[in-house]
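Just so you know, residue 1 is the first one in the sequence shown, and it goes up from there.
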Amino acid sequence: MAKPRDYKKEYAEYHGKPEQVANRSSRNKARRKMVAAGVDVTGKDVDHKDGQPRNNSRSNLRTMSKSANRAKH
């Protein structure tokens with residue numbers, strides 16, 4: 001049986017770091033930008049073509065299915 005995840009440790013060691021907080025904030029901003037542009041993002045991920053989550057130029061953003069986007073990385 002697999003060992004249960006230690007979410008508190010994960011947050012302390014990765015998700016809570018300032019750089020990762022900024023990246024998450026930028027990804028959320030990209031999603032809001034796509035919604036404001038009238039793109040339907042229901043059930044989809046907003047993908048950054050160049051893989052840089054802080055590059056939110058419209059030409060760098062596209063929608064993809066969740067499975068395709070998460071398999072890409």
Peer 1: Hey, could you give me the CG/OG distance between D47 and S65, rounded to the nearest 0.5 Å?
Peer 2: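 Taking CG in D47 and OG in S65, the distance rounds to 10.0 Å.
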Peer 1: Going by the rule side chain to side chain contact (heavy atoms under 4.5 Å, CB included), which residues pair with R32 if we only count those two or more places apart in sequence or in a different chain?
Peer 2: N28, K29
Peer 1: With R54, which residues qualify under salt bridge (Lys or Arg N to Asp or Glu O under 4.0 Å), at least two apart?
Peer 2: none
Peer 1: Identify, with sequence neighbours excluded, every residue that meets side chain to side chain contact (heavy atoms under 4.5 Å, CB included) alongside S25.
Peer 2: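 Testing S25 for side chain to side chain contact (heavy atoms under 4.5 Å, CB included), a comparison that skips the adjacent residues, returns none.
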Peer 1: Show the nearest heavy-atom pair for residues D40 and K44, with the distance to one decimal.
Peer 2: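 Heavy atoms only, the tightest pair is O-CD, 4.3 Å.
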Peer 1: Identify which one of N56, N69, N60 satisfies the side chain to side chain donor-acceptor pair (under 3.5 Å) criterion when paired with H48.
Peer 2: N56
Peer 1: Would you give me the side-chain donor-acceptor pairs under 3.5 Å for residues 11-22, sequence neighbours excluded?
Peer 2:
from : atom 1 : to  : atom 2 : distance (Å)
Y14  : OH     : Q20 : OE1    : 3.1

Peer 1: In Å, rounded to the nearest 0.5 Å, how long is the span from OG of S26 to CZ of R31?
Peer 2: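 CZ of R31 is found 14.0 Å from OG of S26.
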Peer 1: Give the other cluster members for V35, using side-chain heavy-atom distances under 4.5 Å between Ile, Leu, Val, Met, Phe, Trp and Tyr residues; answer none if it is isolated.
Peer 2: M34, V39, V41, V46, L61
Peer 1: What's the separation between atom OG in S67 and atom NZ in K72, rounded to the nearest 0.5 Å?
Peer 2: 13.0 Å
Peer 1: One thing to verify: whether K66 and D45 come together as a salt bridge, which I'm taking to mean a side-chain N less than 4.0 angstrom from a carboxylate O.
Peer 2: no
Peer 1: For D6, which residues count as a side chain to side chain contact (heavy atoms under 4.5 Å, CB included) partner, sequence neighbours excluded?
Peer 2: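 So D6 forms a side chain to side chain contact (heavy atoms under 4.5 Å, CB included) with K8, K9.
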